[in-house]
Amino acid sequence: MAKGRVEVREEFCKSCGLCVAACPKKVLRISDSINPRGYRPAEQFQDGCIACGICARTCPDVVLTVYRIDE
Amino acid sequence: MAKVLMKGTEAIAEAAIQAGCRYFYGYPITPQNEIPEHMSTRLPQIGGVYLQSESEVASINMLMGGAATGYRVMTTSSSPGISLMAEGMSYLAMGELPCVIVNISRAGPGLGGILPAQGDYFQATRNAGHGDYRILVLAPDTLQEAVDLVQDAFDLSQKYRTPVMLLADGFMGQMMEAVEIQERTIEEPKANAEWALGWRKERGGKRAVIYNLKLAPNDLEQRVGELQKKYEVIRQNEQRCERYRVDDAELVAVAYGTTSRMVRTAVDQLREEGLKVGMLRPISLWPYPVKHFSLPSSVRALLDVEMSSEFQMLEDVKLATECRLPVATCARWGGNAPSVSEIENKCRDLLNSSR
Amino acid sequence: MSETKVFGMTPTWRRDVHTHYCPGCTHGVAHRLVCEAIDELGIRDEAIGIAPVGCAVLIHQYMDLDFIEAAHGRAPAVAYGIKAVRPDKIVFTYQGDGDLASIGMGEIVHAVNRAWPLTVVFINNAIYGMTGGQMAPTTLLGQKATTCLSGRTAEANGYPVRMCELLATLEGPAYIERVALSKPQHILKAKAAIKKAFENQVNNKGFSFIEVLSTCPTNWGLRPVEACQWLEENMIPYYPLGVFKDFE
């Protein structure tokens with residue numbers, strides 16, 4: 001299975017949590033940090049991303065970029 | 001083009017085509033139906049499009065879409081239909097979209113009747129729609145002038161990026177006169193590529209947005225302030241009026257459009273009787289031609305002649321003369337027009353009573 | 001070791017712009033799908049959008065496209081006005097349910113029936129969002145709104161309008177589909193439908209109408225994830241997903 005990672009444009013995240021709920025591998029969560037607009041952005045907190053892109057397709061704010069790690 | 005005998009509505013339609021209008025959005029309503037009929041036949045022959053809307057509400061919004069492309073576009077209607085277009089006119093003004101709207105007006109209020117009246121003066125000159133905006137309003141009294149003014153309307157709408165209305169009543173629409181229609185050369189749509197929709201490539205990949213919403217008060221104040229500056233320029237530069245036998249007059253009748261035809265005849269006949277009567281005929285109803293209201297000291301009174309029970313132009317006459325002169329009224333309404341003899345009698349009475 | 005971007009921002013989306021939408025509102029998803037469709041079809045220079053009145057009135061801030069703001073409900077008429085002059089352009093409206101199914105019902109029915117090649121993206125979130133949660137023509141029976149605090153009743157307000165079913169009775173339209181944004185599988189289908197609705201116009205194949213079931217967490221009084229759940233459980237049973245008309 002492919003390995004991947006998720007990059008978050010933290011400044012644009014509104015902490016809605018739709019990506020967290022959508023991730024089939026449960027590698028995302030709402031972080032403890034606070035962005036300039038007062039939201040807690042999503043973050044990838046553990047390995048296991050399979051670069052499926054579902055989180056980014058669910059995000060209403062175009063916050064997420066997904067990379068596949070080619071070995 | 002040589003002089004030909006044409007019906008008013010058809011002459012207006014053909015004049016619009018010769019002024020470069022290739023896109024027309026219309027909906028049937030009496031007494032202007034010959035305009036959409038003419039357009040639906042002629043435009044497809046010359047590469048244009050006639051689009052029949054489902055309502056005047058749709059017509060004016062189609063017009064907005066067409067105008068936003070930078071091409072010359074027009075819609076026409078009659079009084080109740082113009083009421084439905086009120087919303088759209090406000091949006092067209094805010095978007096600074098050039099277009100021409102023709103009102104072949106009829107008698108109201110409500111469904112009223114299909115015969116001519118001048119009860120749409122307030123609607124035309126005081127803004128049918130909401131908010132701080134103006135549209136130019138031109139009122140012809142002959143078909144030749146209707147032809148010339150509808151063509152001017154296109155030029156003015158482009159010059160100032162504003163809707164322009166031609167206000168002509170059902171008499172003008174339905175009568176026949178000899179007209180000569182000239183073809184005008186135009187610079188659009190290319191000249192509008194800088195701001196209009198659909199020219200992104202020509203702008204080098206830069207997009208265009210036609211805004212209507214400005215939520216922040218400072219933004220909106222600035223935007224409306226820009227409009228206001230434009231309207232001030234129009235107020236200064238676009239006043240039009242005919243002064244007819246005014247120079248030594250003791251009584252001056254004020255009338256526009258169809259009514260001025262009766263007044264002109266009355267003035268000529270009263271002059272033959274030795275009575276010093278003249279006429280001011282506003283051609284631009286907005287801006288009202290206040291500059292042309294400087295009158296000789298011989299003038300003792302004014303007479304406002306209209307086809308309107310509310311004398312809708314009266315307050316503009318008073319404002320234009322700053323209430324320095326008494327203004328009498330002579331009006332018929334409901335589809336009737338003041339007759340020449342009614343106007344003459346009124347003039348004789350006024351001249352006798354002011355001696 | 002190297003990396004390949006498998007999913008990122010599509011060029012038509014205007015980067016560095018914060019959307020004004022509430023957290024979890026799926027308008028943003030629908031916007032992105034429109035941008036992706038336009039980029040995948042390579043029609044950014046040709047596309048002209050018409051913004052509605054309602055939450056999506058600021059759509060032009062998020063898409064790098066030519067745009068015009070229409071009056072409430074009148075976007076389809078504006079679209080025809082443009083398409084009459086520029087049949088070479090790809091003209092689309094993006095309208096909410098108050099805009100399209102209430103005040104603009106007349107315009108949309110005639111627009112669909114006239115059947116020129118145009119694209120409409122219709123966002124149905126069963127409520128007036130921007131004005132603060134009033135009852136829409138699409139508000140479900142029993143659903144609470146600020147103008148029906150105890151819930152919509154058929155006696156007082158009639159029944160929620162099913163636009164796809166209504167418009168599919170017309171001879172004119174080429175393509176009508178209802179999609180949803182409440183879970184990833186639905187979003188993938190929504191993407192395909194929106195892309196097809198634009199592709200039809202590129203190929204001059206008539207009027208395409210996509211109804212997008214969308215969430216309004218703020219006015220529904222639900223968290224974003226709960227709102228998706230609510231949509232699944234309440235909206236989809238009344239507004240079934242699927243293709244209602246397809247010329248092919």
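The sequence lines fix the lettering, A, B, ..., with proteins before strands; numbering per chain opens at 1.
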Contact class of Gln52(B) relative to chain C, heavy atoms under 4.5 angstrom: backbone

- prompt: Which of residues 209-219 of chain C get closer than 4.5 angstrom to chain B, counting heavy atoms alone?
  reply: none

field: Ion pair check, Lys191(C) and Glu36(C), cut-off under 4.0 Å
entry: yes

field: Pairing of Glu165(C) and Arg178(C) as salt bridge, 4.0 angstrom limit
entry: yes

- line: Heavy-atom closest pair (Ala15(B) atom, Ile181(B) atom, distance to 0.1 Å) is CA-CG2, 3.7 Å

query: With a 4.5 angstrom heavy-atom cut-off, which part of Arg74(C) approaches chain B: side chain, backbone, both or neither?
result: both

query: With respect to chain B, which residue among Glu69(C), Arg114(C), Arg44(C) yields the maximal number of heavy-atom pairs within a distance under 4.5 Å?
result: Glu69(C)

statement: One option among Asp64(C), Val78(C), Asp66(C), Leu58(C) has the most heavy-atom pairs under 4.5 Å with chain B, and it is Asp66(C)

field: NZ/NE/NH1/NH2 to OD/OE distance under 4.0 Å, Asp155(B) and Arg72(B)
entry: yes

Portion of Tyr211(B) that has a non-hydrogen atom of chain C nearer than 4.5 angstrom: both

- prompt: Are Arg200(B) and Glu46(C) ion-paired here, with the side-chain N under 4.0 Å from a carboxylate O?
  reply: no

- request: Sort out for me which of Val73(B), Thr69(B), Leu63(B), Val49(B) touches chain C most, counting heavy-atom pairs under 4.5 Å.
  value: Thr69(B)

statement: Heavy atoms of Gly95(B) and Asn212(B) approach each other most closely as N-ND2, 4.1 Å

field: Winner by heavy-atom pair count (cut-off under 4.5 Å) against chain C, out of Met94(B), Met62(B), Arg22(B)
entry: Met62(B)

- prompt: Is any NZ, NE, NH1 or NH2 atom of the basic residue among Lys196(C) and Glu199(C) found under 4.0 Å from an Asp or Glu carboxylate oxygen of the other?
  reply: no

field: Cationic N near anionic O, under 4.0 Å, Asp120(B) to Arg106(B)
entry: no

- line: Counting heavy-atom pairs under 4.5 angstrom with chain B, the leader among His60(C), Lys83(C), His72(C), Lys89(C) is His60(C)

field: Whether Trp286(B) and Tyr231(B) hold their rings parallel, tilted or perpendicular, with breakpoints at 30° and 60°
entry: perpendicular

task: With a 4.5 Å cut-off on heavy-atom pairs, point out which of Ile48(C), Leu65(C), Ile50(C) contacts chain B the most.
output: Leu65(C)

- prompt: Is any side-chain N of the basic residue among Asp152(B) and Arg184(B) closer than 4.0 Å to the acidic one's carboxylate O?
  reply: yes

- request: Might you work through the ring-ring contact (aromatic ring centres under 6.0 Å, His included) test for Trp116(C) and Phe207(C), ending with a clear yes or no?
  value: CA-CA 6 Å; Trp116(C) 288 17; Phe207(C) 202 103; over 10 Å; no

query: Measuring heavy-atom distances to chain C, does Ala196(B) have an atom under 4.5 Å in its side chain, in its backbone, in both, or in neither?
result: backbone

- prompt: Does Glu87(B) reach the main-chain N or O of Leu84(B) with its side chain, forming a donor-acceptor pair under 3.5 Å?
  reply: no

Chain C contact via Leu197(B) - side chain, backbone, both or neither, heavy atoms under 4.5 Å: both

field: Per-residue contact mode, Ile60(B) against chain C (heavy atom under 4.5 angstrom)
entry: neither

